[in-house]
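The structure appears below as structure tokens.
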Amino acid sequence: MTAWPGSKTSAYKGEGRHDDVNTYIRDALDNLYNAPCCVLSRTSQQSLANGFAINAIAWTTEVEDAYGFHAANATDMIVPAGLDGLYVIFAICEVALSGNGDDLEMDIFLNDPIEAGTPPAYGIAGDTGQYPSAVAVELACSTLWPLAAGDRLTVEIYHNASSAKNLLVTSDYSPRFGLVRVAP
Amino acid sequence: MAKLWTPPPTFVANKRLRVGQVNTYGRDNLSVLRNPAVCLAEFFGAGTADELKVPAAQWFAIPLNQERRDSAALHNNESNVTRITVPPASAGLWFWSGVASLTSDTTATWPDGLSRHLGIRRNGRNGAGEKAHNGGGDLVGIASRFPSSFGFEGMTVSALARMAPNDFMELVVYTDASVDYHVTNFSGFSPELRGVFLTEFREGYTPVWHGLATESSGGVLTAGYCNDQLRDNAGWLRYRPAALMTHTLAQSIPNNAWTSLSLNTTLGQNGTWDGTANTLTVPSGMGGLYLISLSASIDAVTGGDDRRAGVILNNTNRVLVENFSGFSSSQAAFNCGTTRLVRLAGGDTLKAQAFQNSGSAQNTRLDTDAPMVTLGACWMAP
């Protein structure tokens with residue numbers, strides 16, 4: 001993707017026209033057409049601790065990441081320099097649950113200092129489920145959010161099933177985490 | 001005032017492009033494409049008890065008092081208005097999402113009732129506390145929480161929705177418990193409604209992307225260059241490949257079997273999407289990364305513990321699933337309103353599906369308190 005060149009008013013009988021056309025039409029179209037995007041997944045199940053543990057999903061596979069939002073096996077996406085903007089962001093997962101407890105939550109967090117084990121900083125989207133029966137529960141959420149370079153996004157899961165449960169892996173939808181820019 | 005999109009003409013060979021046309025079809029139109037109509041409006045602060053009180057058994061429109069972003073006065077924050085209104089120049093396909101937390105004032109016992117819903121409502125009547133069918137609006141997406149719970153925390157609903165000029169959207173909540181509920185600010189989840197224009201629908205128009213051309217030094221802009229770059233490539237970005245289909249007749253869903261839903265109405269499309277056989281088929285040459293959405297609902301019935309809705313790709317891979325599981329003796333209606341990004345190629349097919357295990361066949365829900373079943377797709381990136 002080419003950087004946005006800005007807009008320019010072409011002057012009557014102005015000089016350097018072909019350069020202007022290349023920059024302000026060609027490069028601008030390139031910038032708009034090739035929207036920065038990223039989609040991540042996992043290849044194996046992940047154990048999710050019970051209670052108020054921070055279960056950030058570790059993403060092992062970059063389904064789409066031409067712009068470098070994700071480092072191998074990291075739990076996060078970090079917005080690269082120059083890619084600030086308004087993004088559509090989504091997450092989907094499937095969790096195998098049974099037995100005790102009554103609460104399951106998946107949230108997308110912005111700039112959550114999970115290494116410090118402190119409470120999440122800013123939730124921007126989430127989904128909740130409940131599971132008295134032995135079922136696999138799918139959670140899905142999407143949102144629209146302004147992101148700046150360096151912003152860090154994570155997907156975290158909470159449950160109170162009294163023992164560790166598994167994040168399931170499907171070839172098509174669990175887990176997935178992605179974003180695409182829709183405006184600067 | 002922001003520049004408006006000016007439909008480019010078909011440029012004629014051997015006719016010089018005027019500077020004014022370069023400015024209009026290059027500078028101005030590209031600026032319009034880069035700056036779509038967008039609004040993110042929230043209720044900031046604790047609010048008063050009455051401001052955020054949710055009456056029982058009524059859809060409550062959440063007041064919004066602060067704009068995180070507002071491109072063109074789509075929301076007026078001075079009077080806590082609930083609406084985000086679409087400007088006429090930005091009618092078309094929008095992506096909407098809403099997030100909120102809901103809690104009861106009663107903590108000693110679990111409140112009664114079956115339903116806790118968060119919805120996005122288009123063109124409801126002004127003011128809070130009116131059910132959708134009273135307000136004349138329609139719910140384009142709902143997310144549901146397990147019945148008989150206290151409420152929900154940071155729940156999100158999202159949908160692709162077609163918006164006509166001056167249509168407006170609201171974030172609404174519903175509970176049928178007999179005790180008071182309130183919208184709250186939980187863990188940073190301020191109640192917020194977010195919307196952005198994605199594409200204009202132009203019936204019968206087939207977007208074409210020609211690739212990017214470089215103008216040679218000393219050359220004169222040719223009609224071919226102008227048509228490819230200024231008309232067609234910009235046209236692709238203004239009228240992205242996109243389609244919406246809906247299901248307007250109640251349909252029986254057999255017990256314990258994923259069932260494709262009858263999508264019998266096409267709301268709008270760009271390109272030659274094949275909307276037959278309950279299927280959206282991506283047109284040739286229009287592959288890419290798509291935002292897909294599904295809104296669906298199943299009747300409230302007893303029995304079983306699982307209600308799901310999803311989207312299946314090429315009849316083999318279920319790429320989007322949301323469920324409502326774990327209940328046994330009493331059920332609320334199940335609602336799904338969610339979106340995701342998925343890579344699609346020309347010829348790929350999408351179908352909406354539903355699943356339930358109540359023990360007998362049940363219907364999709366199409367009453368005025370349910371979202372119309374809608375399957376949508378919009379091209380976002382190559």
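In what follows, chains are A, B, ... by sequence order, proteins preceding strands, each numbered from 1.
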Only pairs of heavy atoms separated by less than 4.5 Å count here; which of [options] has the most with chain A?
| options | value |
| --- | --- |
| S31(B), G288(B), S216(B) | S216(B) |
| V342(B), V157(B), L289(B), V99(B) | L289(B) |
| P36(B), P382(B), S158(B) | P382(B) |
| L237(B), V22(B), L118(B), L33(B) | L237(B) |
| D28(B), N29(B), L230(B), T338(B) | T338(B) |
| M380(B), E192(B), R34(B), R240(B) | R34(B) |

Do [X] and [Y] come close enough that some side-chain heavy atom pair is under 4.5 Å?
| X | Y | value |
| --- | --- | --- |
| M155(B) | D127(A) | yes |
| V182(A) | F95(B) | no |
| Y225(B) | I25(A) | yes |
| W145(A) | R69(B) | no |

Under a 4.5 Å cutoff for heavy-atom pairs, which residue among [options] has the most contacts with chain B?
| options | value |
| --- | --- |
| D27(A), L139(A), T170(A), I124(A) | I124(A) |
| Y33(A), Y24(A), W4(A), Y173(A) | Y33(A) |
| L86(A), N34(A), V39(A) | L86(A) |
| A140(A), A91(A), P184(A), P146(A) | P184(A) |
| G85(A), A125(A), A35(A), C141(A) | A125(A) |
| V180(A), D30(A), T143(A) | T143(A) |

Side chain / backbone / both / neither for [X] at chain A, heavy atoms under 4.5 Å:
| X | value |
| --- | --- |
| W379(B) | side chain |
| A213(B) | backbone |
| V38(B) | side chain |

**Study point:** Under 4.5 Å from any heavy atom of chain B - which part of L179(A)
**Key:** backbone
How long is the span from the [atom1] atom in [X] to the [atom2] atom in [Y], to the nearest 0.5 Å?
| X | Y | atom1 | atom2 | result |
| --- | --- | --- | --- | --- |
| L320(B) | I92(A) | CG | CD1 | 5.0 Å |
| C37(A) | L291(B) | SG | CG | 12.0 Å |
| L29(A) | H210(B) | CG | NE2 | 11.5 Å |
| L313(B) | D172(A) | CG | CG | 7.5 Å |

Exercise for review: Go through L341(B) and F90(A) one step at a time and tell me if the side chain to side chain contact (heavy atoms under 4.5 Å, CB included) criterion holds.
Suggested key: CA-CA 7 Å; L341(B) 293 166; F90(A) 82 95; 3.6 Å; yes
Point to revise | Test log, rule side chain to side chain contact (heavy atoms under 4.5 Å, CB included), inputs N31(A) and L30(B) | key: CA-CA 10 Å; N31(A) 177 274; L30(B) 294 174; over 6 Å; no
Exercise for review: Answer yes when E64(A) and R343(B) have at least one side-chain N-carboxylate O distance shorter than 4.0 Å, and no when they do not.
Suggested key: yes
Practice item. Verify the distance criterion only: is there a donor paired with an acceptor across the side chains of R340(B) and S142(A) at less than 3.5 Å? Key: no
Review point. Is it true that a side-chain atom of N22(A) and a backbone atom of E215(B) form a donor plus acceptor pair closer than 3.5 Å?
Key: yes
Point to revise | G126(A) backbone acceptor or donor facing T156(B) side chain under 3.5 Å | key: yes
Review point. Testing R308(B), E322(B), R318(B) for side chain to side chain contact (heavy atoms under 4.5 Å, CB included) with E138(A), which one passes?
Key: R308(B)
